[in-house]
Amino acid sequence: MPVYLDHNATTPLDATVLDTMMPFLREQFGNPSSPHRFGRRTRAAIDAAREQVAALVKVHASQVIFTSGGTESNNLAIKGVAAADEPGILAIGATEHPSVIEPARALAVHGWRVKEITVDREGRVHPELFRETIAARPRLVSLMYANNETGVIQDVPTLASAARSQGVVFHTDAVQAAGKLALDFPSSGVHLMSLSAHKINGPQGVGALVVDKAIECRPLLHGGGQERDRRSGTENVAGIVGFGAAASLAIDQMGVRTAHFMELRTRLESALRAIGGVAIFGAGANRLPNTVYFGLRDIDGETLILGLDRKGFACASGSACGSVRHEPSHVLRAMQVESDLAIGAIRVSFGAGNNERDVDDFAAALAMEIQRLRPPSRRRAV
Amino acid sequence: MAYSDKVLDHYENPRNVGSFDKGDPNIGTGMVGAPACGDVMKLQIKVNGQGVIEDAKFKTYGCGSAIASSSLLTEWVKGKTLNEAAQIKNTQIAEELALPPVKIHCSVLAEDAIKAAIADYQSKTAGGDDKADAA
Amino acid sequence: MMKRPIYLDYSATTPVDPRVADKLCSYLTMDGDFGNPASRSHTFGWRAEQAVEAARADVAALIGADPKEIVWTSGATEANNLAIKGAAHFYSKKGKHLITCKTEHKAVLDPCRQLEREGFEVTYLDPESNGLVDLGKLAAAIRPDTILVSIMHVNNEIGVIQDVAAIGTLCREKGVLFHSDAAQSAGKVPIDVNGMNIDLLSLSAHKIYGPKGIGALYVRRKPRVRIEAQIHGGGHERGMRSGTLATHQCVGMGEAYRIAREEMATEGERIRVLRDRLFGALKEMPEVYVNGDLDHRVPGNLNISFNFVEGESLIMALKDIAVSSGSACTSASLEPSYVLRALGRNDELAHSSIRFTIGRFTTTEEIDFTARLVREKVNKLRELSPLWEMFQEGVDLSKVQWAAH
């Protein structure tokens, strides 16, 4: 069995979550909009799951809009808020996920001006710099809670409060943060927050947008009027139930898991330092406990990763999302990482099933691959 | 929609379903509502020489709450004088049947029906003998 | 022993076929292929991608398409939104006029309304009284600035099958794109996107024994049809629809479509026999009206109005069977079905309509029970109905002056 070290791309479904989903793939199949018994049962299951997801970020259930995933949630937040306003400035972080960058670009066609919020070499947005951004009066800011590649955590409560105090709408993509950090929507000051189930051992194909109801967010999908007219389409009942169960699991396990991840991360990072010639990105910043993103000079990350896969280790060479381009990630570019280091970037992201042995075996395999791939003349040069 | 047990009981076992001869001078007929609105109630009362409602029958085209409202009403008006029957309020019916807000109109219709039946009876007897007024 | 209530609402949704459930469950957990199909760097991702592509081929095969023409979506609602808004936005320089029909699903009508708010113009055709679109009226509605015609293949409420091949030919001749919502037809009626000249076709999984939360849009490649993405991001689905693909959902839809392709003919015949058996038992009652054309109709649908019986009380009387009195999406409101009104049915008949939809797991025993129950309850409610009494007395109800309230 290969060792899976790519949990920021997707996580396996937890077995107990699957158990809660199974009845909704078998006998509990009614359309939640149907008034008869079959529909009432699935409607009740959705209501219960909504409470569970709401609890993950400490909001009222009515603030949760279920979607088909994090990408749709980000699209809904950005385009939905934009549709309710006149075109203006839209400020997004330089290291955002494509599902924030691309909707923002799409809005540019409709007269919106997209401003990038720069990050420092550790991938952080600085509060002072951010205040300048706010001073330009954007209509909407979208800044991710934790980065999918580096794991770097932004100080969202501080930034969101700065935006809110100036009447600027603040959206955060918390897809990677959920389940790994304690999230408190009401006290964080954000207006909109995107979540995804499959990053927290729930099923793929379901996510949520959490909204501050004072904010107008127009629907992306029309017809049918589900989710109180905020997101039409027959509900993915099994997926939503699974999301709810995964959210509850995340609340229960968060403390244990983050401590465990932190141990694994420390262990891996000291092994990497022992190997030598390895740069850990965002090392000086607050990072997700499960993510280690590092670069190797003079080694092509793709080649290395294929070698690791053959040895039974699955990790990522950057963002997993649809990228076939062989170029340094925009995240590392924004952090001003030199390109010969950036093309050797490898991301290890831990999940519930990983243990110390996985880390040790991976480090050993990595060392061997590096030995094999590094040009002889450079082997000693660090 | 969740119905109360009382609505279900009247719906499953409606009381006093049927019709009297409309032409009978002792019969008052009230027909209210409209098919296009989704409910039509026909309530008939049989009034004796003392102005007391001896018997009542109904037919209703409508939802369960409409059927229950009219069924309940036939039970209530029996043995009442016309004046007493005219005092029945829709709120009493709604309360007895625990009707949800969207179904309050059913009880309103029932109140309209008994008033219409009484008026019909009185219009038949008006100008004739005064027995009804003696009550 | 029959399980109650008996499920006769297969047009609202269907149970997942056990074969589909078994297969999709092996794409979820650690011991299965749970990977992100967009992960290009390891076996987990490649295996997930292979599964998604195999499923895509199964979906394509059912409608005679190339797998490259299938774009996964979260369901038919998203597919309809993507097709209509996506095509309208892309071709808005060519023209700003669309044509659809009043009996379309809300997932078509509501995106059209949205486009109207954005400055597009939409013609909503009236269907004939049998629910079918008149080709001549459609042809007459096409203008030089018309960019898209959207006509559903099979109606969700009344089950009538539109002549999409003729509509497709007409649209092709006039140089107008043709979109069809096939959520209710895929797997029940043969579809050939090339033979029918369909440019965009919306598909759903959960209406044909697949999982909820997954669907697809067919987008023609030759001649190439362009749409503007509605969900932007990682550039999945060749840029037309971003978002991590839910592997198990795609696998489930693929398996459901594979089974449908293999079993459609025999299953359709079996269901037709059950439908005709139910109809045979009900049509002996007086004042029973079938809504929509009976010949051009999917086998599983029977939509009937029981005159002089009110719809909600009928549903209440039929609590041992799960049926619909209109579209599942709107039946929470007390409005009569807009589809039946568009056919010219009066409100009373619209109110008293019941949609029975029969499917894969319906048995003869269930049909016979249903027929008995419906007859008994309709008779009971008619005994209660003042309108029925008046009808029998020969009163012309249309001439009665009703007191408004």
Side-chain angles (χ1 to χ4, degrees), chain A residues 2 4 6 9-10 12-13 15 18 25-27 29-31 33-39 68-72 74-75 97-99 102-103 105-106 198 203-206 220-225 232-239 302 305-306 309 314-317 319-324 353, chain C residues 5 7 9 12-16 18 21 24-25 28-30 34-36 38-45 74-75 77-78 80-81 105-111 113-114 206 211-214 229-236 242-249 315 322-324 328-329 331-332:
Chain A
Y4 187 72
D6 196 11
T10 192
L13 189 70
L18 178 59
L25 290 168
R26 305 261 189 210
E27 62 274 17
F29 64 87
N31 186 325
S33 296
S34 296
H36 50 63
R37 220 171 306 172
F38 293 88
S68 68
T71 295
E72 186 188 327
N74 285 338
N75 273 262
H97 191 267
S99 57
E102 296 304 327
R105 285 191 185 149
H198 77 103
Q204 292 168 345
V206 59
L220 213 55
L221 296 180
H222 304 269
S232 287
T234 298
E235 298 88 338
N236 175 0
V237 180
E302 294 286 339
I305 256 176
L306 297 182
D309 181 66
C315 45
S317 59
S319 173
C321 277
S323 137
V324 280
Chain C
Y7 191 73
D9 204 7
T13 190
T14 60
V16 175
L24 77 83
C25 282
L28 285 166
T29 51
M30 198 69 205
F34 69 89
N36 182 334
S39 289
R40 309 274 174 188
S41 57
H42 52 69
T43 316
F44 295 88
S74 66
T77 293
E78 188 188 329
N80 283 330
N81 273 263
H105 192 270
K106 291 278 187 199
V108 165
L109 296 176
D110 287 359
R113 299 267 181 238
Q114 171 61 23
H206 78 100
K212 294 178 181 59
I214 180 86
Q230 300 296 302
I231 296 182
H232 297 87
H236 310 72
S242 291
T244 298
L245 291 173
T247 311
H248 70 290
Q249 296 278 73
I315 288 276
V323 290
S324 166
C329 297
S331 51

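Throughout, protein chains are lettered first and strands after them, A, B, ... in sequence-line order, and every chain is numbered starting at 1.
Between chain C and the residues A:Gly70, A:Gly39, A:Gly69, A:Gly30, the largest count of heavy-atom pairs under 4.5 Å involves A:Gly30. Considering only heavy-atom pairs separated by less than 4.5 Å from chain C, the leading option among A:Gly233, A:Ala314, A:Pro203 is A:Ala314. Taking chain C as the reference chain and counting heavy-atom pairs below 4.5 Å, the highest number among A:Pro2, A:Gly353, A:Gly239 is found for A:Pro2.
For A:Arg37, there are no salt bridge (Lys or Arg N to Asp or Glu O under 4.0 Å) partners at least two apart in sequence or on another chain. Judged as a ring pair (Phe, Tyr, Trp, His ring centres under 6.0 Å), and not counting sequence neighbours, the contacts of C:His42 are A:Tyr4, C:Phe44.
Heavy-atom distances place the side chain of A:Leu18, and not its backbone, under 4.5 Å from chain C. In this structure, chain C has heavy atoms under 4.5 Å from both the backbone and the side chain of A:His222. Both the backbone and the side chain of C:Ile231 have a heavy atom closer than 4.5 Å to some heavy atom of chain A. Interface residue C:Leu24: only side-chain heavy atoms are found under 4.5 Å from chain A. Only the side chain of A:Asn75 comes within less than 4.5 Å of a heavy atom of chain C; its backbone N, CA, C and O stay farther away. Both the backbone and the side chain of C:Glu78 come within contact range of chain A, each with at least one heavy atom under 4.5 Å from a heavy atom of that chain.
With C:Val108 as the fixed residue, the side chain to side chain contact (heavy atoms under 4.5 Å, CB included) test singles out one of C:Thr77, C:Asn81, C:Asn80: C:Asn80.
Counting only heavy atoms from C-beta outward, the side chains of A:Gln204 and C:Phe34 never approach each other to under 4.5 Å.
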Side chain to side chain contact (heavy atoms under 4.5 Å, CB included) between C:Gln249 and A:Asn236, worked out: CA-CA 10 Å; C:Gln249 296 278 73; A:Asn236 175 0; 3.2 Å; yes

